[in-house]
Colleague: 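Have a look at this one.
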Amino acid sequence: RFVYLLELGKTHKYDGEGIVKESPFLIQDTLLNALLIKSNQSLLNLAQRFGYEQGELKEWLSEGKRNFREKLWNEELNFFVPYDLRTGTQLMDKEIGGLVSLFAEVANDAQISAQVAYLNQLHQRGFYLCPSFDVDSPSFDSKRYWRGPVWPQMNWLVYKGLLANGEKEMAQQVSKDLIELVNRLGFHEYFEPQKSLAETLTKGYGGNNFSWTSASFIDLVS
């Protein structure tokens with residue numbers, strides 16, 4: 001599947017319009033849309049500071065936040081989830097991108113409370129925060145890319161998002177867990193989320209001396 005998508009991109013010379021027309025894989029992603037919204041907020045901040053035209057930026061930001069809340073929130077899961085444009089349905093998985101809504105400051109009070117409750121439940125069950133995938137899903141894999149491991153840069157985004165939404169206690173828990181993992185297992189690419197299993201390991205997963213791990217760690221301990 002990865003090779004197919006690679007070849008499809010090459011066929012269209014990585015022109016987005018052509019890929020969108022042909023690709024069966026067309027997802028509106030929680031993480032990328034949250035980062036887009038946050039970036040638009042940063043552009044608006046710059047425009048306000050230097051006196052540039054702000055109308056279009058305000059429109060982008062307002063529409064982005066509204067659509068994110070309305071289209072990506074799933075009442076059954078109490079979580080933000082990706083949307084499959086080909087099938088016109090939400091993807092029913094709790095993945096780490098849903099929590100980055102906190103960083104983009106798009107969630108309403110009820111949605112914030114639901115996400116904090118989700119993190120607290122994981123903490124109480126003996127998981128390091130934040131697993132990158134639903135630990136109760138049959139697809140959960142604590143060692144496999146994006147199917148469960150703790151990713152330092154994602155913890156940093158969730159930590160910043162929790163602080164931005166006034167959830168200082170949970171933010172400190174997310175920070176504490178990453179600091180503990182790095183101190184225990186080194187500056188690796190990603191980490192085991194199950195505390196009982198992590199205690200038996202001598203190193204993290206993936207590459208070592210990873211820059212996003214060190215950058216996240218330095219910021220959290222500063």
Side-chain angles (χ1 to χ4, degrees), residues 2 29-47 49 61 64-65 68 79-80 82 94-107 112 115-116 118-120 122-123 127-135 140-195 197-199 201-222:
F2 286 135
D29 180 58
T30 49
L31 170 61
L32 292 181
N33 276 285
L35 293 179
L36 175 62
I37 290 168
K38 187 68 173 181
S39 297
N40 285 335
Q41 180 64 67
S42 296
L43 286 174
L44 180 59
N45 292 343
L46 288 170
R49 179 175 179 180
L61 193 59
K65 286 186 174 184
F68 195 105
F79 214 80
F80 286 107
K94 294 180 180 179
E95 45 80 36
I96 189 69
L99 295 172
V100 183
S101 61
L102 296 164
F103 183 66
E105 298 182 66
V106 300
I112 293 168
Q115 291 175 92
V116 172
Y118 170 74
L119 291 171
N120 187 57
L122 289 172
H123 172 65
F127 288 92
Y128 283 112
L129 303 179
C130 304
S132 52
F133 202 74
D134 183 0
V135 300
F140 173 77
D141 187 331
S142 66
K143 300 180 183 65
R144 188 176 175 187
Y145 264 33
W146 303 108
R147 288 299 181 95
V150 173
W151 293 82
Q153 78 280 24
M154 302 305 296
N155 265 36
W156 185 87
L157 291 171
V158 175
Y159 166 78
K160 292 292 186 180
L162 287 165
L163 287 181
N165 287 280
E167 298 291 342
K168 185 176 180 180
E169 183 176 351
M170 184 54 67
Q172 292 303 322
Q173 187 61 56
V174 171
S175 173
K176 178 182 177 182
D177 281 5
L178 181 58
I179 291 170
E180 183 175 330
L181 280 166
V182 173
N183 282 332
R184 178 191 292 272
L185 301 174
F187 287 90
H188 280 264
E189 185 178 0
Y190 55 104
F191 297 93
E192 172 61 49
Q194 300 169 97
K195 290 184 178 181
L197 182 53
E199 290 172 356
L201 302 176
T202 59
K203 62 181 182 179
Y205 298 142
N208 196 4
N209 298 322
F210 235 73
S211 58
W212 65 36
T213 303
S214 60
S216 301
F217 182 86
I218 289 170
D219 185 73
L220 292 176
V221 299
S222 298

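Every value quoted in this text rests on a predicted model; they were computed, and no experiment measured them. All values below were derived from every heavy atom in this structure, side-chain atoms included, with hydrogens, water molecules and symmetry-related copies excluded.
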Colleague: Examine distances only and state if a side-chain atom of Asp29 and a backbone atom of Leu31 form a donor-acceptor pair shorter than 3.5 Å.
Modeller: yes
Colleague: Any chance you could lay out the side-chain contact (heavy atoms from CB on, under 4.5 Å) test for Lys195 and Glu180, step after step, and finish with the verdict?
Modeller: CA-CA 11 Å; Lys195 290 184 178 181; Glu180 183 175 330; 5.7 Å; no
Colleague: Quick check: do Glu95 and Pro82 have side-chain heavy atoms less than 4.5 Å from each other?
Modeller: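 The answer is yes, as the side chains (C-beta and beyond) meet within the 4.5 Å cut-off.
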Colleague: Give a yes or no answer on whether the side chain of Ser132 reaches the backbone of Pro149 with a donor-acceptor pair at less than 3.5 Å.
Modeller: yes
Colleague: Check whether any side-chain heavy atom of Val100 lies under 4.5 Å from a side-chain heavy atom of Thr30, and answer yes or no.
Modeller: no
Colleague: Could you walk me through whether Glu192 and Ser142 satisfy the side-chain hydrogen bond (donor to acceptor under 3.5 Å, both in side chains) test, starting with their C-alpha distance in whole Å, then the side-chain angles of each, then the deciding distance to 0.1 Å, before giving a yes or no?
Modeller: CA-CA 6 Å; Glu192 172 61 49; Ser142 66; 2.8 Å; yes
Colleague: Before you tell me yes or no, could you show the steps for Thr202 and Leu185 under side-chain contact (heavy atoms from CB on, under 4.5 Å), namely the whole-Å CA-CA distance, both residues' side-chain angles and the distance that decides it to 0.1 Å?
Modeller: CA-CA 6 Å; Thr202 59; Leu185 301 174; 5.6 Å; no
Colleague: Using every non-hydrogen atom in the two residues, find where Phe80 and Ala107 come nearest and quote the distance to one decimal.
Modeller: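 Closest heavy-atom pair between Phe80 and Ala107: CE1-CB, 4.0 Å.
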Colleague: How far apart are the closest heavy atoms of Tyr159 and Ala171, and which atoms are they?
Modeller: CD1-O, 3.0 Å
Colleague: Is there a donor-acceptor pair under 3.5 Å between the side chain of Glu189 and the backbone N or O of Gly207?
Modeller: yes
Colleague: How about Val158 and Ile96: do any of their side-chain heavy atoms sit closer than 4.5 Å?
Modeller: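 Yes. Closest side-chain heavy atoms under 4.5 Å.
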Colleague: Starting at NZ of Lys94, measure out to CZ of Phe140 and round the result to the nearest 0.5 Å.
Modeller: 13.5 Å
Colleague: Would you compute the distance between atom CG of Leu119 and atom CD of Gln115 and round it to the nearest 0.5 angstrom?
Modeller: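 Leu119 CG to Gln115 CD: 7.5 Å, rounded to 0.5 Å.
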Colleague: Apply side-chain contact (heavy atoms from CB on, under 4.5 Å) to the pair Tyr118 and Phe79, showing each step before the final yes or no.
Modeller: CA-CA 9 Å; Tyr118 170 74; Phe79 214 80; 3.6 Å; yes
Colleague: Are the side chains of Phe68 and Ser101 in touch, meaning some heavy atoms are under 4.5 Å apart?
Modeller: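 A side-chain contact under 4.5 Å exists here.
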Colleague: Side-chain contact test, heavy atoms from C-beta onward, threshold under 4.5 Å: evaluate it for Val150 versus Asp177 and give yes or no.
Modeller: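 SC-SC contact between Val150 and Asp177 ruled out.
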Colleague: What distance separates Leu157 CG from Leu35 CG, expressed to the nearest 0.5 Å?
Modeller: 6.0 Å
Colleague: Between Met170 and Leu129, is a side-chain contact (heavy atoms from CB on, under 4.5 Å) present by the stated rule, with each step listed?
Modeller: CA-CA 10 Å; Met170 184 54 67; Leu129 303 179; 3.8 Å; yes
Colleague: Would you say Trp146 and Met154 make side-chain contact, with heavy atoms under 4.5 Å?
Modeller: yes
Colleague: Nearest 0.5 angstrom please: Lys168 NZ to Leu163 CG, how far?
Modeller: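 Going from the NZ atom of Lys168 to the CG atom of Leu163 covers 8.0 Å.
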Colleague: I need the minimum non-hydrogen distance between Ser216 and Leu178, along with the two atoms involved.
Modeller: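 For Ser216 and Leu178, the tightest heavy-atom pair comes out as CB-CD2, 4.2 Å.
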Colleague: Just so I know, are the side chains of His188 and Thr213 near enough to count as touching, which here means a heavy-atom distance under 4.5 Å?
Modeller: no
Colleague: Rounded to the nearest 0.5 Å, what's the gap from CD on Gln194 to CG on Leu201? Could you check?
Modeller: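 Gln194 CD to Leu201 CG: 10.0 Å, rounded to 0.5 Å.
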Colleague: If you measure from the Lys or Arg side-chain nitrogens to the Asp or Glu carboxylate oxygens, is any gap between Glu105 and Lys38 under 4.0 Å?
Modeller: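 Looking at Lys38 together with Glu105, the answer is yes, because their closest N to O distance falls below 4.0 Å.
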Colleague: Is there a donor-acceptor pair under 3.5 Å between the side chain of Asn209 and the backbone N or O of Phe187?
Modeller: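 No; zero donor-acceptor contacts below 3.5 Å.
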Colleague: Does some side-chain heavy atom of Leu122 sit less than 4.5 Å from a side-chain heavy atom of Pro131?
Modeller: yes
Colleague: Output the distance between atom CZ (Phe103) and atom NZ (Lys160), rounded to the nearest 0.5 Å.
Modeller: 8.5 Å
Colleague: In this structure, which one of Phe210, Tyr145, Trp156 forms a ring pair (Phe, Tyr, Trp, His ring centres under 6.0 Å) with Trp151?
Modeller: Tyr145
Colleague: Check whether Asn165 reaches the backbone of Leu102 with its side chain - one donor and one acceptor, N or O, closer than 3.5 Å.
Modeller: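 Answer holds: yes.
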